[in-house]
Number of protein chains: 2
Amino acid sequence: MRLSTRGHYGLKAMFYLATRYGAGPIPLKNVAEMQNISEHYLEQLIAILRKAQLVKSVRGAQGGYILARSPEEIRVGEIIRVLEGPIAPVECVSELKTAECDQADFCITRTVWERVRDSIVQVLDSISLADMCRDKEKNQQGKE
Amino acid sequence: MRLSTRGHYGLKAMFYLATRYGAGPIPLKNVAEMQNISEHYLEQLIAILRKAQLVKSVRGAQGGYILARSPEEIRVGEIIRVLEGPIAPVECVSELKTAECDQADFCITRTVWERVRDSIVQVLDSISLADMCRDKEKNQQGKE
DNA sequence: CCAATCCATACTGTTTTAGTCGGGATTAAA
DNA sequence: TTTAATCCCGACTAAAACAGTATGGATTGG
């Protein structure tokens, strides 16, 4: 019942970009350092995010990455779906392609997984990067 | 974001045993046939469930498996934990061993995963095998 | 021009998955 | 007492996924 590191690292990276939103392009090196991720590996992940148009890249010196939309407009669920595929605790209840399960109607276990899926979706889609930034602020206030 | 087939098959098997609760030991062959699972493979899964004392076995001819407790007393979450390990969308928010994460306090992404975990746990622990049996009855009434 | 950066492809060692295989132990029933 | 039905156990395996590495190329600000 695990996410791979793709979703894990990917969200960390996107969150970091969100905290720096408005400060121009952030080089991946910084992201990798701050979040303790192999830079080369992260490059592959951010390529996926770029192709999904969640981030924009600026090439050349002083280049880097920027969120493609404001943190307010990017939900965690979207990031996870891009990196991990449709949310589905088991294949037969994937958000996409329904059925294909021989026993779709009878299968009671299926309804359990649907409930799990929906509860995950509900959480992930209710949190935006901006929400996370606000949480961070709150957290730091308490420490000072 | 997937369960392995262990949890998937395991719940199917346990559910089937629940529907036959009170009818004496059910041979694994029947379970495997009904639920379309490789019998040998299922043997390995049920061994895990047996060691966790979720099912009892009766050896020899006319033997089989029986739920160790009544369907009312077995929650889906328990089955999943036995077969898949503690519920944790990412390692650092496992139900067991907290922390071990260098940045436990700062890490905002962490709180996202905690929320996901809690919502999964809430669903899985709120459903008993007996609940599933009731759902099945309801389902079948509609079909007759 | 050159250093910083992004971009792309290919390779790799490890682990997990989803089984298969082969045989042994137990016991109800014939 | 044999036999067939069952559970029990450990070893093996092919394929995929994971989590990176490695290498080199393209772009661009200073």
Side-chain angles (χ1 to χ4, degrees), chain A residues 1-13 17 20 23-68 80 83-85 88-92, chain B residues 1-13 17 20 23-68 80 83-85 88-92:
Chain A
M1 199 58 172
R2 287 278 165 83
L3 222 61
S4 72
T5 54
R6 275 196 289 282
H8 193 180
Y9 291 174
L11 178 57
K12 281 186 169 203
L17 291 181
R20 309 292 300 274
I26 312 294
L28 204 58
K29 202 178 150 198
N30 295 15
V31 182
E33 268 169 17
M34 285 302 287
Q35 303 290 329
N36 246 319
I37 306 174
S38 146
E39 186 182 344
H40 269 299
Y41 187 39
L42 188 54
E43 238 173 350
Q44 293 174 47
L45 305 186
I46 203 122
I48 301 173
L49 294 167
R50 178 172 47 80
K51 281 165 196 158
Q53 296 188 289
L54 282 171
V55 297
K56 283 186 289 194
S57 64
V58 178
R59 302 187 69 170
Q62 316 307 117
Y65 292 91
I66 312 177
L67 294 186
I80 298 306
L83 292 169
E84 303 263 342
V90 304
E91 211 189 343
C92 58
Chain B
M1 199 57 173
R2 286 281 163 80
L3 221 61
S4 72
T5 55
R6 274 197 290 281
H8 192 180
Y9 291 174
L11 178 57
K12 280 187 170 204
L17 291 182
R20 309 292 299 275
I26 312 294
L28 204 59
K29 202 177 150 199
N30 295 12
V31 183
E33 269 168 17
M34 287 300 289
Q35 304 288 330
N36 248 319
I37 306 174
S38 146
E39 186 182 342
H40 268 299
Y41 186 39
L42 188 53
E43 239 173 350
Q44 291 175 49
L45 305 186
I46 202 123
I48 300 173
L49 294 167
R50 178 171 48 80
K51 280 166 196 159
Q53 296 188 290
L54 282 171
V55 297
K56 282 186 289 193
S57 64
V58 178
R59 302 186 70 171
Q62 317 307 117
Y65 291 92
I66 312 177
L67 294 186
I80 299 306
L83 290 169
E84 303 263 343
V90 303
E91 211 190 342
C92 58

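Below, chains carry the letters A, B, ... as their sequence lines are ordered, and counting in each starts from 1.
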Considering only side-chain heavy atoms of [X], which listed nucleotide, [options], is closest?
X       : options                : answer
B:Arg6  : C:dT17, D:dA22, C:dT5  : C:dT17
B:Tyr9  : D:dT21, C:dG19, D:dA19 : C:dG19
B:Ala61 : D:dC7, C:dT27, C:dT20  : C:dT27

Could you check whether B:Ile26 gets within reach of a base, just the sugar-phosphate, or nothing at all, counting any heavy atom under 4.0 Å?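 Answer is sugar-phosphate: B:Ile26 comes under 4.0 Å of backbone atoms only.
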
For B:Ser57, is there any backbone N or O sitting under 3.5 Å from a side-chain donor or acceptor partner on B:Arg50?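 Here the side-chain-to-backbone pair does not exist.
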
Quick check against the 3.5 Å criterion: does A:Ser38 have a side-chain atom that pairs as donor or acceptor with the backbone of A:Tyr41?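 Yes; judged by distance alone, with no hydrogens or angles, the pair exists.
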
Whole angstrom is fine here: how far is it from [atom1] in [X] over to [atom2] in [N]?
X       : N      : atom1 : atom2 : answer
B:Asn36 : C:dA18 : CG    : P     : 16 Å
B:Leu42 : C:dT20 : CG    : P     : 12 Å
B:Gln62 : D:dC7  : CD    : P     : 11 Å
A:Glu91 : D:dA17 : CD    : P     : 11 Å

In Å and rounded to the nearest 0.5 Å, what is the NZ to CD distance from B:Lys29 to B:Glu43?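 Interatomic distance, B:Lys29 NZ to B:Glu43 CD, rounded to 0.5 Å: 12.5 Å.
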
Heavy-atom nearest nucleotide on DNA chain D for A:Tyr41 versus B:Ile46: which residue maps closer to 5'?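 Checking each residue's closest nucleotide, the 5'-ward one belongs to B:Ile46.
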
Pick the closest DNA chain D nucleotide for B:Arg50 and for A:Thr5 by heavy atoms, then say which residue is nearer the 5' end.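 Closest to the 5' end, via its nearest nucleotide, is B:Arg50.
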
Answer whether the closest heavy-atom distance between the side chains of A:Tyr9 and A:Ile37 falls below 4.5 Å.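 They are in contact (side-chain heavy atoms under 4.5 Å apart), so the answer is yes.
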
Under 3.5 Å, is there an N or O donor on one side and an acceptor on the other linking the side chain of [X] and the base of [N]?
X       : N      : answer
B:Glu39 : C:dT20 : no
A:Arg59 : D:dA26 : yes
A:Glu43 : C:dC6  : no

Has B:Tyr65 got a side-chain N or O lying under 4.0 Å from the OP1 or OP2 atom of D:dC8?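 The answer is yes; a side-chain N or O of B:Tyr65 sits under 4.0 Å from OP1 or OP2.
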
If each of A:Gly60 and B:Leu3 is mapped to the nucleotide of DNA chain C with the nearest heavy atom, which maps nearer the 5' terminus, i.e. the 5' end?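 The 5'-side residue here is A:Gly60.
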
Most 5' of A:Gln44 and A:Gly64 on DNA chain C, judged by nearest nucleotide: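 Here A:Gly64 is the residue nearer the 5' end.
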
For A:Ile46, run the side-chain contact (heavy atoms from CB on, under 4.5 Å) check against A:Val31, A:Leu54, A:Leu28 and tell me which one passes.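 For A:Ile46, the side-chain contact (heavy atoms from CB on, under 4.5 Å) test succeeds with only one of A:Val31, A:Leu54, A:Leu28, which is A:Leu28.
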
